[in-house]
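Everything quoted here is computed from the prediction, not taken from an experiment. In the text below, chain A, chain B and the rest are named by the order of the sequence lines, each starting its count at 1.
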Amino acid sequence: MLPEKATVDGIEQPILERWSADDVYAYKREVSGEIYSIDTPPPTVSGSLHVGHIFSYTHTDLIARYKRLRGFNVFYPMGFDDNGLPTERRVQNYYGVRPDITKSYISNYKPPFTGTDGKNLKANEYDSISRANFIELCEKLSKEDEAQFKELWMRLGLSVDWKYTYQTIDKRSRRIAQKMFLRHLSAGLAYQMESPGLWDVSFQTAVAQAELEAREYPGFYHSVAFTSTDGSTVEIETTRPELLASCVALIAHPDDERYQKLFGTTVTSPIFGVEVPILAHEAAQMDKGAGIAMCCTFGDLTDVQWWRDLKLPTRSVIGRSGRIEVDENSAAWITGDARNFLLKLNGKTAFSARSMIVEELKAVGALRGEIVPTKRMTNFYEKGDKPLEIVTSRQWYIKNGGNNDELRKELVKRGEELNFVPSFMRTRYDNWVLGLSSDWLVSRQRFFGVAFPLWYRIRKDGVIDYDKPLVPDENALPIDPLIDTPAGMDESMRDIPGGFTAEKDVMDTWATSSLTPHIACGFEEHTGQTTHADFEQLFPMSLRPQGQDIIRTWLFSTVLRAHHENNSLPWKNAAISGWILDPDRKKMSKSKGNVVTPMHLLEIYGSDALRYWAASARLGVDSAFDEGQMKIGRRLAMKFVNLAKFVLSMQPTHVLEQGAQEAFKNAFSGITEVVDKSMLANLCEVQRNAFEAFDNYNHAHALEITESFFWSFCDDFVELVKKRAYGEQQENVQTGSSISAENALLVALILQSHLLAPFIPFATEEAWSWWNTGSIHISTMIHKPTAQPDASVDGELFKLVSLVLQLVRRIKSEQKLSMKTPLKTVRLSISSKNIELLKPALNDLCMALNVVGKLEFVESTSSEIEVLDFELAQ
RNA sequence: GGGUGAUUAGCUCAGUUGGUUAGAGCAUCUCGUUUACACCGAGAGGGUCAGGGGUUCGAAUCCCUUAUCACCCACCA
């Protein structure tokens with residue numbers, strides 16, 4: 001039934017209900033046929049949505065809808081990322097709880113608060129609960145957050161099959177993350193090692209190279225004098241005098257003539273009186289500071305490198321708290337009064353220890369010159385706000401080529417196999433792989449995450465045997481080693497000599513996220529059936545859509561895991577979306593407070609309008625937030641439903657009753673007029689080009705050419721054939737076939753509905769619903785490109801007709817005449833070839849332009865067409 | 001310091017392997033229209049393609065160079 005007035009207002013809710021009820025976007029598991037599978041990014045549920053999400057998720061949905069129209073069986077799942085620090089913090093504050101790995105699991109636990117801002121609680125007011133209870137609370141809260149996300153995604157029109165959803169902390173994800181870890185372990189791809197590494201003192205966890213962020217941090221150069229055996233001094237510059245007690249050597253470049261004769265000699269540190277060697281190493285830079293550096297345990301990663309390469313002793317005074325940690329039994333390398341001084345520093349922060357040492361340096365006359373302020377780049381954990389320290393700890397690693405050139409080369413090769421869109425994004429991948437300096441540190445000393453499925457034996461003497469971890473059976477996964485026990489042992493043997501102890505660390509959140517293809521393609525949680533056949537069908541997946549900022553993390557780590565486990569890429573294509581910038585061209589982010597929330601935009605402009613805005617930006621290109629584009633999108637949707645109403649209102653009743661499928665089949669034979677065929681020749685070409693653009697992941701180009709044809713169709717073709725379609729006559733003019741006009745309009749409407757459907761799915765569905773029962777989004781009509789009605793007629797005539805229409809309209813406009821003003825004659829200068837070409841369209845032209853007399857042609861040798869003069873009718 | 005991308009009309013952006021007079025939308029101005037669409041239509045004005053140099057019959061497009069912007073990597077002496 002055609003509506004009285006066509007509109008896009010209020011159409012979304014009923015359409016969404018129909019889509020759900022009919023399960024329109026179902027992945028057809030049992031059907032054979034070409035599959036297109038999408039590794040949808042699971043959004044972080046602890047954050048709120050902003051327009052940037054709409055942007056990139058729309059890009060993915062455009063592809064999903066296009067592939068469906070082309071006959072692919074599209075697998076489009078949705079995940080939710082609730083694993084990791086952001087959720088951990090949110091759950092703490094929301095429920096007023098703190099995880100504590102010494103607590104036991106309580107069934108039916110009720111948290112003290114719900115929805116409270118726990119930031120206002122004092123430390124002792126939090127409820128300390130077990131990791132398992134904490135994970136339960138997280139799953140509960142995430143479910144609530146997910147409902148909101150889902151509502152917004154649906155409102156936006158994402159064609160996700162909601163039967164296939166997962167959380168990165170749910171049982172299935174934990175099982176797969178643990179299973180994959182155990183497989184890496186047995187393949188020798190995962191290992192543990194005690195070594196110095198970057199440590200966040202606020203979060204009390206080790207962090208990985210991928211999570212580092214270099215920030216400018218203020219510091220002060222102190223010039224400190226060390227004393228040689230002959231009484232002369234060697235001055236070094238340091239920004240960290242508080243590490244003086246940790247000094248193990250002074251190091252200069254082997255080519256540095258200033259220090260060459262000192263290599264092999266020793267000097268004594270001021271205050272502490274420790275004798276340290278002067279050594280040569282190529283990592284020392286002659287042009288930095290004094291050109292000779294104080295090497296400590298550990299001031300920075302270069303210190304670690306020197307410590308390793310030069311086999312230097314370990315002299316640690318800074319602990320995991322970021323404070324000086326020394327007691328009676330430590331720091332044996334320092335003796336006498338100096339030792340008493342050092343003990344006085346115990347418990348001081350690096351900052352206050354520094355000022356005490358500086359005072360002491362001044363007192364002993366070892367501080368030379370002025371203290372010079374400086375700004376330097378320092379490594380931070382991306383979520384932290386204190387500079388990272390380096391501490392020694394036992395951690396788990398996964399090999400990533402960071403210290404293995406063969407693996408590195410293999411991973412670069414994987415990158416070459418992957419189709420990056422746009423292709424220059426591959427450079428970022430290459431840069432990252434080639435710049436890796438260590439294996440991937442995957443253990444975190446946190447609480448909320450996937451546990452390592454491991455225990456260790458405790459020997460009779462109470463020493464923990466880390467070398468041979470106890471592992472569970474794969475079929476028992478997921479397990480929590482804090483609750484479950486290893487085979488052949490029971491709870492009574494936990495943490496006693498001769499018994500076992502749990503691995504207490506959890507995996508880094510990326511260690512789970514890097515498995516999203518494995519999680520998404522495993523079906524057993526949904527169907528109760530084995531996964532293998534499904535996995536074989538879906539993996540490697542077709543597409544990974546994601547942001548450019550997480551190439552080094554999510555994209556790389558996923559490639560790495562699939563390389564290790566499956567010896568293949570995880571997907572064939574990677575579609576990288578750009579940023580959304582605010583109007584000042586700054587990146588939109590929560591911390592800058594310039595985020596625009598999407599729900600009210602959806603309400604003002606409608607889903608199709610927001611999708612239009614997102615669709616008009618190409619992949620990989622940053623885009624300014626622009627409400628103007630949304631208005632245009634809304635206009636397009638409105639224009640479309642009005643066009644549809646017009647075209648359909650012209651059709652005989654039986655055509656509307658038979659529906660689009662039948663009508664489309666029958667309409668071609670009724671298209672007899674050459675100009676109608678020519679218009680459709682153009683449209684078929686647009687369709688081919690749009691398909692090609694989509695196949696190359698250039699949705700913006702597909703939209704541009706489709707939209708451009710659409711407006712020219714409305715302005716020129718519809719105006720051209722309107723009167724013929726109505727069956728109207730004009731004096732002195734022979735009208736053509738109105739049947740042909742009706743059929744051409746109908747075919748053009750159907751084809752354009754399909755081309756526009758990915759961009760404005762609601763408006764196209766609305767118009768479709770007036771005369772069809774099913775959804776246009778799973779229509780089978782354009783699985784193959786549409787053949788033009790008459791291969792002997794090309795698009796030139798319609799282009800020429802459009803041009804003549806424009807020329808005459810311009811004349812009328814310049815003369816400030818109404819477009820309806822009747823003209824007696826119009827004389828055109830035009831080439832003989834074009835005169836011939838134009839002949840079949842003359843009647844339509846005269847009617848559309850209201851030329852009551854005739855169009856006269858003056859033959860011209862130029863290919864240009866020009867209006868020579870015209871005469872108004874009486 | 002190394003790298004990637006960008007720079008085209010007042011604004012947002014197209015411009016396919018080099019090929020007539022560089023395009024679109026928004027905004028501006030003019031005019032029109034109420035039986036598909038006033039959430040409308042027709043038309044006009046507006047550009048030294050960031051600057052400089054080169055290759056070529058011909059450059060927005062290829063090469064070199066400079067500048068500006070954004071981002072990535074490295075940089076704790």
Side-chain angles (χ1 to χ4, degrees), chain A residues 2 5-9 212 214 217 219 221-224 236-240 250-252 283-285 287-296 299-303 374-379 387-388 390 422 424-428 430-432 434-435 437 548-549 551-552 578-579 581 583 585-587 605 613 616-618 620-626 628-629 631-632 634-650 689 692-693 696 698 700-701 704-705 707-708 711 714-715 718-719 722 726 805-806 808-821 863:
Chain A
L2 297 187
K5 196 165 175 63
T7 182
V8 296
D9 288 322
L212 299 185
Y217 191 70
Y221 285 124
H222 303 74
S223 189
V224 176
I236 57 101
E237 281 195 5
T238 179
T239 55
R240 303 200 59 183
L250 300 190
I251 295 172
Q285 293 176 29
D287 55 350
K288 268 204 176 167
I292 185 162
M294 167 172 87
C295 176
C296 301
D300 61 32
L301 290 171
T302 317
D303 285 350
T374 173
K375 288 228 193 279
R376 62 216 167 98
M377 297 305 279
T378 303
N379 279 324
L388 294 170
I390 293 170
F424 66 79
M425 291 292 179
R426 180 179 291 107
T427 311
R428 300 194 181 194
D430 289 343
N431 286 348
W432 180 251
L434 296 172
S437 59
Q548 55 183 317
D549 51 331
I551 289 173
R552 67 175 178 169
W579 301 114
L581 308 173
R585 304 213 66 90
K586 294 279 181 324
K587 184 190 159 194
Y605 300 106
W613 160 70
S616 55
R618 288 171 303 154
V621 175
D622 296 345
S623 188
F625 175 72
D626 185 5
Q629 281 294 105
K631 288 183 187 159
I632 302 165
R634 187 180 156 78
R635 203 178 63 143
L636 174 68
M638 189 68 87
K639 184 84 174 175
F640 176 80
V641 289
N642 276 293
L643 173 81
K645 187 191 140 201
F646 174 68
V647 171
L648 293 174
S649 69
M650 214 164 265
N689 292 338
E692 192 189 339
N696 293 322
N698 193 347
H701 187 63
E704 193 192 333
I705 60 180
E707 189 191 9
S708 155
W711 287 100
C714 291
D715 295 344
V718 173
E719 293 307 321
K722 206 181 221 174
Y726 281 140
L805 282 173
Q806 278 169 41
V808 178
R809 282 195 300 239
R810 184 187 302 164
I811 294 297
K812 286 188 168 181
S813 187
E814 278 169 358
Q815 299 294 321
K816 302 196 192 304
L817 296 169
S818 160
M819 290 301 138
K820 285 185 168 171
T821 310
S863 60

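Atom name C1', nucleotides B:A60 and B:U21: the rounded distance is 15 Å, in whole Å. Here the separation of B:C64 from B:U48, taken at their P atoms, is 27 Å to the nearest Å. Separation of the P atoms belonging to B:U55 and B:C71 is 38 Å when rounded to the nearest angstrom. Between the C1' atoms of B:A36 and B:C13, the separation comes to 30 Å (whole Å). Rounded to whole Å, the P atom of B:C29 lies 37 Å from the corresponding atom of B:G19. Here the separation of B:A6 from B:G15, taken at their C1' atoms, is 15 Å to the nearest Å. Here, B:A67 and B:A77 have their C1' atoms 34 Å apart, quoted to the whole Å. Remark: the separation of the C1' atoms in B:U65 and B:G23 is 30 Å, to the nearest Å.
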Practice task
Go through A:I632 and A:W613 one step at a time and tell me if the side-chain contact (heavy atoms from CB on, under 4.5 Å) criterion holds.
Solution key: CA-CA 8 Å; A:I632 302 165; A:W613 160 70; over 6 Å; no
Practice task
Show your reasoning for whether side-chain contact (heavy atoms from CB on, under 4.5 Å) applies to A:N642 and A:K5.
Solution key: CA-CA 8 Å; A:N642 276 293; A:K5 196 165 175 63; 5.9 Å; no
Exercise for the section: Report the C-alpha separation of A:M425 and A:Q548 in whole Å, then their side-chain angles, then the decisive distance to 0.1 Å, and conclude whether the side-chain contact (heavy atoms from CB on, under 4.5 Å) test is met. Expected result: CA-CA 8 Å; A:M425 291 292 179; A:Q548 55 183 317; 3.9 Å; yes
Handout entry: salt bridge (Lys or Arg N to Asp or Glu O under 4.0 Å) assessment of A:R240 paired with A:D303
Key = CA-CA 13 Å; A:R240 303 200 59 183; A:D303 285 350; over 6 Å; no
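In this structure, A:Y605 reaches neither bases nor backbone, as no heavy-atom distance under 4.0 Å exists between it and the strands shown. Using a 4.0 Å heavy-atom criterion, one finds that A:C295 contacts no nucleic acid atom at all. At the heavy-atom level, A:K5 lies under 4.0 Å from the strands shown only through sugar-phosphate atoms. Residue contacts for A:V718: at a heavy-atom cut-off of 4.0 Å it reaches a base atom on one of the strands shown.
Rounded to whole angstrom, the span from the NZ atom of A:K722 across to the C1' atom of B:C37 amounts to 9 Å. Taking atom CD of A:E704 as the reference point, atom C1' of B:C13 lies 9 Å away to the nearest angstrom. For the pair A:H701 NE2 and B:U16 P, the computed distance is 10 Å after rounding to whole Å. Rounded to an integer number of Å, the gap from CG of A:N642 to C1' of B:A36 is 5 Å. Regarding A:L636, its CG atom lies at a distance of 12 Å from the P atom of B:C26, rounded to whole Å. Here B:A14 presents its P atom at 14 Å from CD1 of A:I632, a figure rounded to the nearest Å. Remark: P of B:U12 and CG of A:D622 are 13 Å apart, rounded to the nearest angstrom. Rounded to an integer number of Å, the gap from A:R426 CZ to B:C72 C1' is 17 Å.
Map A:V621 and A:F424 each onto its nearest nucleotide of RNA chain B; the residue landing nearer the 5' end is A:F424. Checking A:S649 against A:R618, the closest nucleotide of RNA chain B that is more toward the 5' end is the one next to A:R618.
With hydrogens and angles ignored, the 3.5 Å screen pairs no side-chain donor or acceptor of A:N696 with any backbone N or O of A:N698. Under the 3.5 Å distance criterion, the side-chain polar atoms of A:K812 are matched with a main-chain donor or acceptor of A:M819. Side chain of A:S649 to backbone of A:K645: a donor-acceptor contact under 3.5 angstrom is found.
Base-pair partner of B:C76: not found among the strands shown (Watson-Crick or G-U wobble, both distances under 3.5 Å). As the counterpart of B:A70, B:U4 is assigned, both hydrogen-bonding distances of the Watson-Crick or G-U wobble pattern falling under 3.5 Å. Taking a pair to require two hydrogen-bonding distances under 3.5 Å in either a Watson-Crick or a G-U wobble arrangement, B:U17 remains unpaired. B:U48 is unpaired under the Watson-Crick or G-U wobble criterion, no partner having all donor-acceptor distances under 3.5 Å. Pair assignment for B:G32: B:C40, on the basis of Watson-Crick or G-U wobble contacts that are both within less than 3.5 Å. B:G58 makes up no base pair with any nucleotide shown, lacking Watson-Crick or G-U wobble contacts both under 3.5 Å. With a cut-off of 3.5 Å on both Watson-Crick or G-U wobble distances, the partner of B:U12 is given as B:A24.
Under the 4.5 Å side-chain criterion, counting only non-hydrogen atoms from C-beta, A:V641 is not in contact with A:L643. In this structure, the side chains of A:R634 and A:K631 stay at 4.5 Å or more apart for every pair of heavy atoms.
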Distances under 3.5 Å between nitrogen or oxygen atoms of protein and nucleotides 73-77 of chain B:
| residue | atom | partner | partner atom | Å |
| --- | --- | --- | --- | --- |
| B:C73 | OP1 | A:R552 | NE | 3.3 |
| B:C73 | OP1 | A:R552 | NH1 | 2.2 |
| B:C73 | OP1 | A:R552 | NH2 | 3.4 |
| B:C75 | O3' | A:K288 | NZ | 3.0 |
| B:C75 | O2' | A:K288 | NZ | 2.6 |
| B:C76 | O4' | A:M377 | O | 3.4 |
| B:C76 | O2 | A:R376 | NH1 | 2.6 |
| B:A77 | OP1 | A:T239 | OG1 | 3.4 |
| B:A77 | O3' | A:E237 | O | 3.0 |
| B:A77 | O2' | A:E237 | O | 2.2 |
| B:A77 | N1 | A:Q285 | N | 2.9 |

Polar pairs (N or O, both sides) under 3.5 Å between protein and nucleotides 41-43 of chain B?
| residue | atom | partner | partner atom | Å |
| --- | --- | --- | --- | --- |
| B:A42 | OP1 | A:D715 | OD1 | 3.0 |
| B:A42 | OP1 | A:D715 | OD2 | 2.4 |
| B:A42 | O3' | A:R809 | NE | 3.0 |
| B:G43 | OP1 | A:R809 | NE | 3.4 |

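Shown here for A:P422 and A:G620, the closest heavy-atom pair between the two residues is CD-CA, 3.7 Å. In plain terms, the two heavy atoms of A:S616 and A:Q629 that are nearest each other are OG-NE2, 3.1 Å. When every heavy atom of A:R618 is checked against every heavy atom of A:A700, the shortest pair comes out as CG-CB, 3.6 Å.
Below the 3.5 angstrom threshold, one finds a donor paired with an acceptor across the side chain of A:D9 and the base of B:C39.
Closest to the side chain of A:T7, out of B:A14, B:C71, B:C39, is B:C39. Distance from the side chain of A:E719 is smallest to B:C37 among B:A14, B:C31, B:C37.
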